[in-house]
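This structure is a prediction, so every number in the text was calculated from the model and none was measured. Counting from 1, the numbers follow the sequence of the chain as shown. Read the numbers this way: they start at 1 and go in the same order the structure lists the ligands and their atoms.
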Amino acid sequence: MVDILLTKIEFLKGVGPKRAELLNKELGIFTFQDMLDYFPFRYVDRSKIHKVNQIFDDNVYYQLLGTISNMKTYGETRISRLTATFTDETGSIELVWFKGFKWIKNKFLPGKKYLLFGKANVFNNKFTFTHPDIEEYNPEDRVIGESLQGVYNTTDKLRNAGLGSKQIAKLIKTLVLQSWEMIPENLPSSLIFQDKLMNRKTAYYKIHLPSNSNDIQLASYRLKYEEHFFFQLRLLLNKKNRQRNTKSVIFNNVGDYFNDFYKNNLPFPLTDAQKRVIKEIRSDLKTGFQMNRLLQGDVGSGKTIVALMVMLLALDNGFQAALMAPTEILANQHYDTIKRLLGEMKVSVALLTGSTKQKDRKHILPALENGDVQIIIGTHAIIEDNVRFKNLGICIVDEQHRFGVAQRARFWEKTHYPPHTLVMTATPIPRTLAMTQYGDLDVSKIDELPPGRKAVKTTHVFQEQRLNVLSFMRKQIAEGRQIYVVYPLIKESEKMDLINLQEGYESLLRDFPEPHYRICVVHGQMSAEDKDFEMQRFVKNQAHIMVATTVIEVGVNVPNASVMIIENANRFGLSQLHQLRGRVGRGADQSYCILVTDHKITAEGKKRMETMVRTNDGFEIAEADLQLRGPGETQGTRQSGMIEMKIGDFLKDEPIIRHTRKMVGLLLDQDPSLSKPEHQSTKDYFNNNFASDFDWGRIG
Ligand code: ADP
Ligand code: MG
């Protein structure tokens with residue numbers, strides 16, 4: 001059967017080759033189907049024609065029928081404004097334009113009747129229409145009973161080619177009327193019945209040509225449902241496919257490394273969440289297929305020890321393990337922590353970063369290659385070409401948002417088979433993203449903090465309250481606490497930011513003079529050696545205050561530090577603020593986070609401050625972040641290739657996403673390769689639209 005919906009748009013009456021090319025380029029419309037998928041972004045009620053003397057409300061849309069006269073331009077050297085009078089039998093009203101003068105001046109002929117649609121606004125105590133929609137009145141154009149009209153987005157280029165919103169509406173109407181009955185169903189009829197969905201062809205008809213708002217609601221629900229349904233189908237099929245097909249090494253044994261550590265070296269009882277997560281990971285490692293797991297756990301939830309124990313499992317099975325961190329500071333810290341945790345145990349651990357000395361490299365690289373080094377900890381340096389392993393069994397990546405997918409994949413080239421991968425992140429994934437962007441990964445969550453943690457108290461202060469902040473700092477230092485003062489550092493204004501930091505540092509030196517007080521500084525422009533030296537002063541409690549840029553954002557662990565002061569806090573994103581705040585509140589003492597800003601901050605900045613003050617819950621913060629910034633901006637999403645939806649909305653459709661995910665899961669349980677006759681149309685649609693090369697044989 002020839003699918004009429006795949007007909008080129010050029011062949012739609014009223015389009016032709018020239019306009020078709022523009023529709024291709026401007027709107028990505030190539031076929032009848034693409035055009036049907038071009039949905040209105042709003043609707044206007046055109047059922048009623050008002051009279052001029054019935055205009056009573058400011059800011060309300062009206063439709064009028066009348067003539068246009070009395071064009072006037074204003075402005076001395078350049079025209080800045082154009083006005084005209086619109087008249088019907090009950091009176092007249094002023095129209096105003098601020099651009100497009102030439103075109104407007106020649107467009108309207110005296111005596112001709114026009115249909116005007118626009119918002120009435122009060123100016124100088126008179127109602128005025130600014131840039132109204134105006135079309136020539138043609139009584140035959142108007143279809144009885146069709147009261148709501150779709151309004152479609154268009155572009156300047158299209159408008160110039162005679163394809164304004166209204167012309168697009170007209171084309172789509174032609175198309176819908178001639179083709180809607182040929183639009184095939186693609187959802188199983190059991191679902192349509194059970195979820196009371198509008199059928200597909202009716203939905204396409206009604207979304208473009210609704211009779212009332214109920215039509216719009218039912219039609220758009222059906223179309224959103226369909227879009228999310230197929231999105232989830234693709235995710236879940238890919239997940240199954242991958243789980244069953246990427247062979248990897250098997251970790252069957254729990255041996256001496258793991259057991260000895262558990263018996264003798266565990267410094268504290270694991271939380272239930274940590275235990276559960278280790279169990280989940282262990283069961284993945286036994287399957288013979290590659291693990292691809294995301295380990296989510298708020299800052300301070302104790303991911304490091306989980307990472308170590310998982311690495312010991314690799315060792316128990318004769319494999320090497322790697323732990324990769326985004327910064328040198330963090331890699332160093334992981335190295336120290338893990339050495340300390342291992343204590344007397346005979347495990348060979350090495351550290352490899354950009355500043356590892358050549359003479360040390362000369363030892364480490366061959367030792368990795370012959371298997372003498374069992375655990376390697378480092379930065380990107382460990383995925384460089386010259387680094388080779390004997391038998392890497394698992395790689396753990398800390399703080400996934402600093403690493404791209406491509407970098408993670410580089411581990412795969414280092415072995416004969418892809419090693420297991422565990423990605424650890426402190427940024428909780430909002431529900432919708434967990435079901436979409438990460439919908440094909442396995443996720444483990446540490447949803448419990450170690451016992452005895454006190455929630456960090458957060459306040460937002462303005463610059464002029466600095467004296468209060470200083471006296472608070474003195475008090476905390478007198479009680480033996482340590483303090484972070486963090487400055488933003490963003491690439492675009494790196495110089496300015498460093499000046500800020502330098503000035504802040506100098507002014508702190510005046511307020512906290514040596515030798516009574518000691519202050520250390522860490523920023524990205526310092527050599528790794530200097531950075532480490534300064535960090536160590538703070539870690540060893542030889543400095544009271546650490547002034548830093550965001551280099552300390554990730555992972556630094558100094559339990560005695562109890563105050564986090566964030567300067568120009570409005571310049572940080574929510575997830576960064578949350579990460580920074582997570583640096584304190586790690587010891588037994590009450591901790592504080594102070595967000596310092598100017599009075600002049602954006603509404604969004606204000607929201608961020610409010611969110612931070614309101615909650616410590618990383619999950620809630622991630623949700624707020626997503627709402628404020630949208631999914632495109634949220635960490636990780638750009639890398640994973642955000643899919644653009646036609647009518648669905650990843651942010652707003654959470655209930656539909658959740659529901660369709662469940663329905664797809666049930667469907668695949670029941671008929672994994674969609675081979676039952678009642679699922680044929682769903683399978684066909686999937687194959688045609690998403691994955692013509694999908695290998696159904698591997699599922700099932
Ligand atoms: P994150 O998840 O942010 O990487 P860490 O692994 O750095 O957290 O752990 C934060 C702190 O909590 C560390 O000082 C660690 O020793 C401690 N910790 C981890 N697990 C527990 C536990 N089960 N009980 C008590 N303290 C723990
Ligand atoms: Mg960590």
Heavy atoms only, cut-off 4.0 Å: how does Thr271 contact ligand 1, side chain, backbone, both, or neither?
both

Short N-O contact, Arg474 and Glu479, less than 4.0 angstrom
no

Ligand 1 atoms nearer than 4.0 angstrom to some heavy atom of Leu270 are 23 (N)

side-chain contact (heavy atoms from CB on, under 4.5 Å) with Met564: which of Val456, Val486, Thr458, Ile483?
Val486

N or O pair under 3.5 Å between Gly302 and ligand 1:
yes

At a 4.0 Å threshold, what atoms of ligand 1 neighbour a non-hydrogen atom of Arg586?
3 (O), 7 (O), 10 (C)

Under 4.0 Å from a heavy atom of Thr304: which atoms of ligand 1 are those, numbered in the order shown and with their elements?
4 (O), 5 (P), 6 (O), 7 (O)

Close N or O approach (Pro269, ligand 1; < 3.5 Å):
yes

Given Ser562, which of Gln476, Gln590, Arg586 fulfils the side chain to side chain donor-acceptor pair (under 3.5 Å) condition?
Gln476

Would you call Asp398 and Lys303 a salt bridge, using N to O less than 4.0 angstrom?
no

Relative to ligand 1, is Arg453 under 4.0 angstrom through side chain, backbone, both or neither, heavy atoms considered?
side chain

Tell me whether Gly300 has any N or O atom under 3.5 angstrom from an N or O of ligand 1.
yes

Is the closest heavy atom of Gly297 to ligand 1 under 4.0 Å?
no

Please list, in number order, the atoms of ligand 1 under 4.0 Å from a heavy atom of Pro450.
18 (N), 20 (N), 21 (C), 22 (C), 24 (N), 25 (C), 26 (N), 27 (C)

Could you name each residue pair satisfying salt bridge (charged side-chain N to carboxylate O under 4.0 Å, His left out) that touches residues 606-620, not counting sequence neighbours?
Glu604-Arg608, Arg614-Glu620

Can you tell whether the side chains of Lys263 and Asp256 come within less than 4.0 Å, N to carboxylate O?
no

Classify the ring geometry between Tyr592 and Phe472 as parallel (under 30°), tilted (30 to 60°) or perpendicular (over 60°).
perpendicular

